[in-house]
Amino acid sequence: MQYISTRGGGEPKTYSEALLEGLAIDGGLLVPEQLPTVSAERLESWRALNYPELATEVLGLFATDIPRDDLAALCAAAYAPSVFAEPVPLTPIGDGLTLVGLSEGPTLAFKDMAMQFLGQALEYALERTGGVLNIVGATSGDTGSAAEHALRGKDRISVFMLSPQGRMSAFQRAQMYSLQDANVHNIAVDGVFDDCQNLVKDLAGDIAFKTAQHLGAVNSINLARITAQVVYYFWAWLRATDAVPAAQRPGFAVSFAVPSGNFGNILSGFFARGMGLPIRRLVLAANENNVLDEFFRTGVYRPRTSAQTLATSSPSMDISKASNLERFIYDLVGRDPQRVRAAWTLLADTGSFDFTADLARFADEFGIVSGTSTHDDRVATIRAVHERSGRIIDPHTADGVKVAAEYVEDGVPMLVLETAKPEKFGETITEALDIALPLSADLQALLAAPQRVVEIGNDEAALRAIIEADALH
Ligand SMILES: *Cc1c(COP(=O)(O)O)cnc(C)c1O
């Protein structure tokens, strides 16, 4: 299996090469040359597998350059019981909806599912080449902590994670800053998230510095993350059909609802559907920053600036420029790189592009529908789900449940991806349910643990000095 750019440039890459790539050399995104397919018989033969075994089968279709035994070891380590006590439980919550639990990992959000695999795969690839890697990233909360927890203690990788001083929740700060591993470097910047992001971009643009310091990234366009997320769509379908009589299982359709920001999670579902998994609808749920809902309802994509992006109570979805959308557009235009380039040129020149003529195909051919959820919807949904099932859901998952309810169909299970645990967002839970969420002893200890962070101004020279002093070479 080879990976090519959506814009047609560069040489095809292997999976191991794609692991370490951000953007392709021509500014496009890497996609599989052709999606692997899984027959109904093959799918059925995976029913008895545990999560790491299933991950080995699914990722084995993508990572064809990694020997099968090695891949099995990477998956066993990434999804070990010490990391995910129970990987991906399914829980019915009434009204035809079932939660798919993706937040059982160390940082209580779904990003652990992909990042834990990526951490294992990166260390493996670096051992084979004898290289080292210094990951530099910017975070507003969930991504940074998932990356640090996946990479802590690795021998050939260090992490420099920039975060905006005083702008994360106490919980998010504790998850990152309490790590005492020598290869984890927390840097709090006097500024907002965009300032952190710009510092990272400026460094990555300095090719000489990037090469000399062995810099890399693990952001949401990383192809390994997308492929690792494909696994849980297969897992959820298998568990949702365990009780279906065997004769009815082939082609048994389910729908998924996905709280979305950068279009990474739902893109993995789109890949799973393209591989032959019987998915009827992929329901994209947006919060008030609903650029993607606008696109899937009207065919017009018009990203917003960071100044136009609202700070909401589902903060991990406060994104107005969906970096993975290009991979969907690539399929929409018949995998024609020239048409992808034309769309992005138009976007740069005019601030939008328009696929109104293809609007009917979004749902009919690709299965994608969408909706928006607001703060009031989140609060009402958290309350309603708690009343009917006793279950407390987080605000992002609530966005998913709210929009999912608009698309429930008779006889089609609606599986809502739970993207975070409510403990991470206690304030909104208190507003909805009028209770203070009790924290486990582990979480209380986390909040009380000593923290380790270096504070700098919004200053590229200071950042360079830290990296030069502490990077692995
Ligand atoms: C990152 C994140 C999302 C959005 O996922 P995308 O892949 O960016 O669409 C949703 N919910 C939570 C809790 C997240 O951390």
Side-chain angles (χ1 to χ4, degrees), residues 29 99-116 118 137-150 168-169 171-172 175-176 193 197 218-230 232-233 256-272 282-293 295-296 303 309 312-328 368 370-373 378 381-382 393-404 416-426 428-429:
L29 303 186
L99 290 183
V100 179
L102 303 179
S103 317
E104 309 299 313
T107 73
L108 312 187
F110 92 96
K111 293 194 172 66
D112 288 330
M113 295 296 305
M115 211 64 98
Q116 287 290 332
L118 182 58
T139 186
S140 56
D142 292 344
T143 306
S145 56
E148 289 186 357
H149 282 261
M168 293 193 299
S169 71
F171 201 98
Q172 289 174 320
Q175 275 191 334
M176 294 176 59
F193 171 69
Q197 182 107 302
V218 291
N219 47 27
S220 74
I221 56 172
N222 184 287
L223 187 92
R225 285 179 65 183
I226 301 294
T227 56
Q229 290 165 184
V230 170
Y232 52 69
Y233 285 88
F256 285 92
V258 190
S260 293
N262 254 325
F263 203 73
N265 199 352
I266 196 167
L267 179 79
S268 300
F270 182 67
F271 278 15
L282 288 162
V283 181
L284 182 147
N287 68 14
E288 290 89 332
N289 298 297
N290 57 356
V291 169
L292 286 173
D293 182 30
F295 174 63
F296 283 99
T309 306
T312 76
S313 51
S314 46
S316 303
M317 293 158 59
D318 291 347
I319 292 167
S320 298
K321 195 169 143 233
S323 38
N324 277 297
L325 187 67
E326 182 164 337
R327 289 180 165 127
F328 169 75
I368 303 183
S370 72
T372 291
S373 163
R378 283 189 277 287
T381 303
I382 290 168
I393 57 171
D394 103 290
H396 306 78
T397 309
D399 288 329
V401 168
K402 189 269 178 180
V403 178
V416 182
L417 302 188
E418 180 184 56
T419 55
K421 288 286 191 205
E423 286 80 0
K424 267 191 125 158
F425 304 96
T428 307
I429 305 304

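Just follow the structure's listing: the first ligand is 1, and inside any ligand the first atom is 1. Just so you know, residue 1 is the first one in the sequence shown, and it goes up from there.
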Which ligand 1 atoms are under 4.0 Å away from a heavy-atom of Ala420?
13 (C)

Heavy-atom proximity to atom 14 (C) of ligand 1, picking from Arg225, His396, Lys111, Glu418, points to Lys111

Using side-chain contact (heavy atoms from CB on, under 4.5 Å) as the criterion, point out the one residue from Glu418, Gln229, Glu104 that pairs with Phe110.
Gln229

Does an N or O from Gly264, backbone or side chain, lie closer than 3.5 Å to an N or O of ligand 1?
yes

Counting heavy atoms only, which part of Thr419 comes closer than 4.0 Å to ligand 1: side chain, backbone, both or neither?
both

Ligand 1 and Asn262, any nitrogen or oxygen pair closer than 3.5 angstrom?
yes

Atoms in ligand 1 with a heavy atom of Asp142 nearer than 4.0 Å:
13 (C), 14 (C), 15 (O)

Would you find a donor on one side and an acceptor on the other, under 3.5 Å apart, between the side chain of Lys402 and the backbone of Thr372?
yes

Checking a contact table here: which protein heavy atom is nearest atom 7 (O) of ligand 1, and how many Å away?
Asn265 N, 2.9 Å

Closest approach of any protein heavy atom to atom 9 (O) of ligand 1, naming residue and atom
Gly261 N, 2.8 Å

Is it the side chain, the backbone, both or neither of Phe110 that has a heavy atom closer than 4.0 Å to ligand 1?
side chain

Pairwise side-chain contact, Asp112 with Pro106, heavy-atom cut-off 4.5 Å (strictly under):
yes

Would you say that Arg378 contacts Asn287 through its side chain, given a criterion of any heavy-atom pair below 4.5 Å between the two side chains?
yes

